[in-house]
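Presented below is the structure to which this report refers.
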Amino acid sequence: MATWWYSWNSSGTTATTCVEWECWNTSGTTATSNVSGVWLKWNSNKATATNSATCWEGWVYQCGGSGGASVATFTKPTAEEIEARKRREESEAAERKKREAEQKAADEKAAALLRDNLTKEQADALDKHKTFAVIGSDGERYEIDVTKRQHNVFLTDEQGNRVREFCIHNGYKTPMADSHLAQKLLLEADAEHFKRVANKWDLVPARKAVRAG
Amino acid sequence: MSGELCVMDHTGDTKSIWNPDNPDEVSAARSTFDSLKSKGYLAYTVEESGKRGSLIHSFDPRAGKIIMSPPMAGG
């Protein structure tokens, strides 16, 4: 007795002994044990199984059957179309390259502006640890992590442990280093404003960060 | 000594310079400053490299260097 799956794959007229996958791909009229490839069979014209068409060409054959339009609709691109596509791809690649170069220049410019506004100690820490410390206008010590644009400012305790995390930035239109400079400037000039605007999380050791009020 | 207005933007930053003794240049710089302030930009005067900046809310033609940042928002 055919299993449920087996029967589900059988042709409508007879139970068949062909394997499920092959059954699933058989033509609609007969169960077949022909050994055209599953893929090829899947792509076959409904009237006949063909072993001469490529899978792609077979896939686009209409399943017309007798009297139906079983004409291949696959048409190869013309030389002009190939050329046009090549030009389009070259143009897109050039545009992409130009954008990347502009972004790189902007990143370098912003990095230079940031460095120009750091003390020597801050610049050294930036090079060594990818973070630098800032003393806020509230007297507290903060760390800015320059590897990220968000969730990158931390209040530290006397031991240098990060105890609170802040997320605040000046948007996504400027390079990341501009945002780091903006964070530094605001912390130093008006830490209360900084803390009012930023989203904050208390960092509790060995537990999940808890959003601060 | 010329003043420099440095505005953070997608190119990194755009700088414009004004001569405090030239009214036209001062006016142009003030106009840029005021326009950006009206959009929520923050402005800082910075004295020397690394020194703390000070927030300013109106254009100072005698400021040596002003850095302006787009508005800050919580992330």
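Heavy atoms only: backbone and side chains are in, while hydrogens, waters and symmetry mates are out. The sequence lines fix the lettering, A, B, ..., with proteins before strands; numbering per chain opens at 1.
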Open item on the list: Keeping A/Ser179 on the side-chain end and A/Met176 on the backbone end, is there a donor-acceptor pair under 3.5 Å?
Closed with: no

Open item on the list: Just so I understand: if I count every heavy-atom pair under 4.5 Å between each of A/Thr174, A/Leu187, A/Asp190, A/Asp107 and chain B, which residue has the most?
Closed with: A/Thr174

Open item on the list: Tell me every residue that passes side chain to side chain contact (heavy atoms under 4.5 Å, CB included) with A/Ser91, counting only those two or more places apart in sequence or in another chain.
Closed with: none

Open item on the list: Please report whether the ring centroid of A/Phe154 lies less than 6.0 Å from that of A/Trp201.
Closed with: no

- [ ] Answer yes if the side chains of A/Tyr172 and A/Gln150 hold a donor-acceptor pair under 3.5 Å, and no otherwise.
- [x] yes

- [ ] Inspect the contact between A/Arg196 and A/Glu192 and indicate whether a charged nitrogen and a carboxylate oxygen are less than 4.0 angstrom apart.
- [x] no

Open item on the list: Does this structure show an ion pair linking A/Glu143 with A/Arg162, if we count only N-O contacts that are shorter than 4.0 Å?
Closed with: yes

Open item on the list: Checking an interface table here. Which of residues 2-9 of chain B come within a heavy-atom distance under 4.5 Å of chain A?
Closed with: B/Cys6, B/Met8, B/Asp9

- [ ] Answer yes or no: is there a donor N or O on one side and an acceptor on the other, between the side chain of A/Asn152 and the main chain of A/Lys148, under 3.5 Å?
- [x] yes

Task: Under-4.0 Å salt bridge between B/Asp21 and B/Arg62 - done: yes

- [ ] Indicate the atoms forming the closest heavy-atom contact of A/Ile168 with A/Ala198, along with that distance.
- [x] CB-CB, 3.7 Å

Task: Contact leader toward chain B among A/Leu185, A/Asn199, A/Val197, where contacts are heavy-atom pairs under 4.5 Å - done: A/Leu185

Task: Interface moiety of A/Leu113 toward chain B, non-hydrogen atoms closer than 4.5 Å - done: side chain

- [ ] Would you check if the side chain of A/Arg99 reaches a backbone N or O of A/Ala94 as a donor-acceptor pair within less than 3.5 Å?
- [x] no

Task: Sorted by number, residues from residues 26-34 of chain B in contact with chain A (heavy atoms, under 4.5 Å) - done: none

Task: Close side-chain approach of B/Met68 to B/Ile66, heavy-atom, < 4.5 Å - done: yes

TODO: Count the heavy atoms of every other residue, nucleotide or ligand shown that sit under 6.0 Å from CD of A/Gln159, and state whether that count exceeds 12.
DONE: yes

Open item on the list: I'd like to check B/His57 versus B/Lys37 (side-chain heavy atoms, cut-off strictly below 4.5 Å). Are they in contact?
Closed with: yes

- [ ] For the pair A/Arg164 and A/Leu203, evaluate side-chain contact (heavy atoms from CB on, under 4.5 Å) and give the outcome as yes or no after the intermediate values.
- [x] CA-CA 5 Å; A/Arg164 185 171 273 203; A/Leu203 299 176; 5.7 Å; no

Open item on the list: When you measure from the side chain of A/Lys184 to the backbone of A/Ile144, do you find a donor-acceptor pair of N or O atoms at a distance under 3.5 Å?
Closed with: no

- [ ] Measure distances from A/Gln183 to the heavy atoms of chain B and classify the residue's part below 4.5 Å as side chain, backbone, both or neither.
- [x] both

Open item on the list: Among B/Gly74, B/Gly75, B/Pro71, which residue has the highest count of heavy-atom pairs closer than 4.5 Å to chain A?
Closed with: B/Gly75

TODO: Under 4.5 Å, counting heavy-atom pairs only, tell me which of B/Leu42, B/Asp13, B/Ile67 racks up the most with chain A.
DONE: B/Asp13

Task: Interchain contact, A/Glu102 with chain B, by part (heavy-atom threshold 4.5 Å) - done: neither

Open item on the list: Under 4.0 Å between a side-chain nitrogen and a carboxylate oxygen: does that hold for A/Glu81 and A/Arg85?
Closed with: no

Task: Residue-level interface, residues 127-141 of chain A with chain B, non-hydrogen cut-off under 4.5 Å - done: A/Ile135, A/Gly136, A/Ser137

